[in-house]
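Please read the structure below before turning to the comments.
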Amino acid sequence: MSESHSDALVFFGATGDLAYKKIFPALQAMVKRGHLNVPVIGVAKGGGDVGKLRERARSSVQEHGGLDAAAFDKLSGLLRYVDGDYGDPATFQALRKEIGGARRPAFYLAIPPSLFETVVKQLASSGLANNARVIIEKPFGHDLASAQELNRTLHSAFPEQAIFRIDHYLGKRPVNNVVLFRFANAFMEPFWNRHFIESIQITMAESFGVEGRGSFYDQTGTIRDVTENHLFQILCNLAMEPPVRMDSETVRDEKVKVLKAIPALEAANLVRGQFRGYKQEKGVAPDSTVETFAALRLAVNSPRWKGVPFYVRAGKNLPVTCTEVLARFQTPPTVFASNDPSRNYLRFRISPEMTVAIGATVMGSGDQLEGEGVEIIASQHPRPDEMDAYEIILGDAMGGDATPFAREDYVEEAWRIVDPVLKAGTPIYEYDKGTWGPGEAAQNVSPPGGWHNPSATDQEDFRAPLAG
């Protein structure tokens, strides 16, 4: 273990849902690969003890990924537990004893944002924040003002380089593969700009609803839940300039430049929707105006992308669960150009499997120069040994690699873009479950050639001929 690596991991919220579904399976995987061999201390208020924590951890890995007996035995031996109220200084004195001789602990706040300030202040007053790292889960605030206040709270105890804001989307290999595909292949650079790209659209579709999270979702909505964070991260990967170095600050500098080039979103460039039946979900207000669908049109006013519209769409209860990017090319200035230019594109499927595809026009089956649409596709399915997103980001945080984490200025720029429309009370339109959102999205915020609706498979159907 290097001198900069965290020598203890403390996670608050040890009995919570996130720990059960994501953290324990990630910790077992890290132990199995030899990436974790330091004390792991759970903190919660539940009247439990380390024995109950180990039982919960075992149940967690059995349900989410499978129990590896050898790895779990090692993890079980690393587990410690502190039971107590987060507002009680005695809890943090007990935590200090459990940490023992660790000098560079990492504190993971897997707790509701309303508790961040309480825990951070207790870490500072107890002296535990010294030489430590803090890892926090999104949402990073509820709007620009609250994000700025959260940053002030964090900075009262930790320097910026010790703050790791998790967006688990940046732990997904296909999301990061977009960057590598762009910058590691010489053929991409000549056309990946405003001279050849007409528009870019990003779709994150979910075929399920709020799944018992109605109370949380009704305080959040689609823009806050996935657009302002997950989808903006994808947009930055698509639009950023190549970093001159691969250190975390240089890479994050380029992403912040993308957000700075985006004007604040206007109401005319947003359509919000809500699936029918949402107001009947448990925990949802009967008069709720929270969106479960959002379609945005954004401009990136950089030299590379000025004049190219970026369309971002996300929603629940849509026909499929899939995240895809589609970049449409400019129409070629020749007599052979297709009458349907929407078939000429580059497509990235980010989930559920990774796909890179090119939509092109070729000669049809007849002897005339009539075009037919085809898709040239390369697909890579997840490998059995592939690391989960939480395993990657927890390992990076403990190792001090800040590359896949949101920096203070990134968070505030992202909120700056969406803040005006979040406060504007824009209209909300109902849509039926299993459709691609309200019709207003296709009418008012639609890419040239229309939205591309991802299919259930990773290959598109081009049986209809195109006139040449």
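The figures here come from the full heavy-atom set of this structure, side chains too, leaving out hydrogens, waters and symmetry mates.
Interatomic distance, R416 CZ to E413 CD, rounded to the nearest 0.5 Å: 4.5 Å. Note that CD of E149 and CG of L144 are 12.0 Å apart. Values are rounded to the nearest 0.5 Å. Expressed to the nearest 0.5 Å, how far OG1 of T15 lies from CG of D83 amounts to 8.5 Å. Between atom CG of residue L115 and atom CG of residue L109 there is a gap of 8.5 Å, rounded to the nearest 0.5 Å. From L75, atom CG reaches atom CG of L67 across 10.5 Å, with rounding to the nearest 0.5 Å. Expressed to the nearest 0.5 Å, how far CD1 of I166 lies from CG of L394 amounts to 5.5 Å.
Residues T91 and K45 form no side-chain contact, since every pair of their non-hydrogen atoms from C-beta on lies 4.5 Å or further apart. Counting heavy atoms from C-beta on, the side chains of L9 and I41 never come closer than 4.5 Å. Side-chain contact between F232 and T227: present, with at least one pair of heavy atoms (C-beta onward) separated by less than 4.5 Å. Side-chain contact between I111 and F116 is present, with at least one heavy-atom pair separated by less than 4.5 Å. Inter-residue side-chain proximity for N317 and F293 is flagged as unmet; no heavy-atom pair is nearer than 4.5 Å. Between N269 and L298 the shortest side-chain heavy-atom distance does not fall below 4.5 Å. Contact check for R407 versus E249: side-chain heavy atoms found under the 4.5 Å cut-off. Counting only heavy atoms from C-beta outward, the side chains of W305 and I200 approach each other to under 4.5 Å.
Salt-bridge annotation for E254 and K257: present, with a side-chain N of the basic residue lying under 4.0 Å from a carboxylate O of the acidic one. The pair D419-K423 meets the salt-bridge criterion, with a side-chain N (NZ, NE, NH1 or NH2) lying under 4.0 Å from an Asp/Glu carboxylate O. With respect to K121 and E117, a salt bridge is recorded, a charged nitrogen being found less than 4.0 Å from a carboxylate O. Electrostatic pairing of E189 and R182 does not count as a salt bridge here, judged by no charged N lying under 4.0 Å from a carboxylate O. Salt bridge annotation for R252-D409: absent, with no cationic side-chain nitrogen under 4.0 angstrom from a carboxylate oxygen. Salt bridge E430/R276: present, at least one basic N to carboxylate O contact under 4.0 Å. Of the charged side-chain nitrogens involved, at least one lies within less than 4.0 Å of a carboxylate oxygen, so that R347 and E324 count as a salt-bridged pair.
Checking side-chain atoms of D396 against main-chain N and O of T403 turns up no donor-acceptor pair under 3.5 Å. In this structure, S59 contributes its side chain and R56 its backbone to no donor-acceptor pair below 3.5 Å. In terms of modelled atom types and a separation under 3.5 Å, the side chain of D143 and the main chain of S146 share a donor-acceptor contact. A donor-acceptor contact shorter than 3.5 Å is absent between the side chain of R245 and the backbone of P243. With hydrogens and angles ignored, the 3.5 Å screen pairs a side-chain donor or acceptor of N185 with a backbone N or O of F181. Side-chain atoms of R272 come within 3.5 Å of backbone atoms of T289 as a donor-acceptor pair (strictly under, hydrogens ignored). A donor-acceptor contact shorter than 3.5 Å links the side chain of R96 to the backbone of S126. Proximity of a side-chain donor or acceptor of E160 to a complementary backbone N or O of E408 within less than 3.5 Å is detected.
One side chain, N151 or R165, offers a donor N or O that lies under 3.5 Å from an acceptor on the other. Between the side chains of T321 and S207, at least one donor N or O sits under 3.5 Å from an acceptor N or O. Between N130 and R103, the side chains place no donor N or O within less than 3.5 Å of an acceptor N or O (distance only, hydrogens not considered). Checked by atom type, the side-chain pair T250/D247 shows a donor-acceptor distance below 3.5 Å. With no hydrogens or angles considered, a side-chain donor-acceptor pair links Y217 and T222 at under 3.5 Å. Side-chain contact annotation: S6 with R133, donor-acceptor N/O pair under 3.5 Å present. Between K74 and N37, the side chains place no donor N or O within less than 3.5 Å of an acceptor N or O (distance only, hydrogens not considered). A donor-acceptor pair shorter than 3.5 Å can be found between the side chains of E137 and Y108.
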Check: residues 21-30 side-chain donor-acceptor pairs under 3.5 Å, at least two apart:
{"from": "K21", "atom 1": "NZ", "to": "D17", "atom 2": "OD2", "distance (Å)": "3.3"}
{"from": "Q28", "atom 1": "OE1", "to": "D68", "atom 2": "N", "distance (Å)": "3.2"}
{"from": "Q28", "atom 1": "NE2", "to": "G66", "atom 2": "O", "distance (Å)": "3.0"}

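For the ring-ring contact (aromatic ring centres under 6.0 Å, His included) condition, the pairs that include at least one residue of residues 60-86, sequence neighbours left out, are F12-Y86, Y20-H64. Evaluation of the ring-ring contact (aromatic ring centres under 6.0 Å, His included) test over residues 130-159, restricted to residues two or more places apart or in two chains, returns none. Applying the salt bridge (Lys or Arg N to Asp or Glu O under 4.0 Å) rule to pairs touching residues 218-243 yields K138-D225, E241-R304, sequence neighbours excluded.
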_Apply side-chain contact (heavy atoms from CB on, under 4.5 Å) to residues V82 and V10 and explain how you reach the verdict._
CA-CA 10 Å; V82 173; V10 179; over 6 Å; no

*Could you check L123 against F92 for side-chain contact (heavy atoms from CB on, under 4.5 Å), going step by step and ending with a plain yes or no?*
CA-CA 7 Å; L123 290 173; F92 292 81; 3.9 Å; yes

*Evaluate side-chain contact (heavy atoms from CB on, under 4.5 Å) for C236 paired with Y410, printing each intermediate quantity in order.*
CA-CA 10 Å; C236 287; Y410 181 98; 3.8 Å; yes

*Would you sort out whether I392 and Y390 count as a side-chain contact (heavy atoms from CB on, under 4.5 Å), showing the intermediate values?*
CA-CA 5 Å; I392 292 172; Y390 270 88; over 6 Å; no

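With sequence neighbours excluded, no residue forms a salt bridge (charged side-chain N to carboxylate O under 4.0 Å, His left out) with D388. The salt bridge (charged side-chain N to carboxylate O under 4.0 Å, His left out) test applied to D88 returns no partner, not counting sequence neighbours.
G399 and S4 get closest at one heavy-atom pair: O-OG, 4.0 Å. Heavy-atom minimum distance, Y278 versus S288: CE2-OG, 3.5 Å. Across all non-hydrogen atoms, the minimal contact from A205 to W436 is CB-CZ3, 3.7 Å. The minimum heavy-atom distance between V178 and L238, with the atom names listed, is CG1-CD2, 3.6 Å. Closest approach of A19 and F11 over heavy atoms only: CB-CE1, 3.9 Å. Smallest separation of non-hydrogen atoms from L79 and A57: CD1-CB, 4.1 Å.
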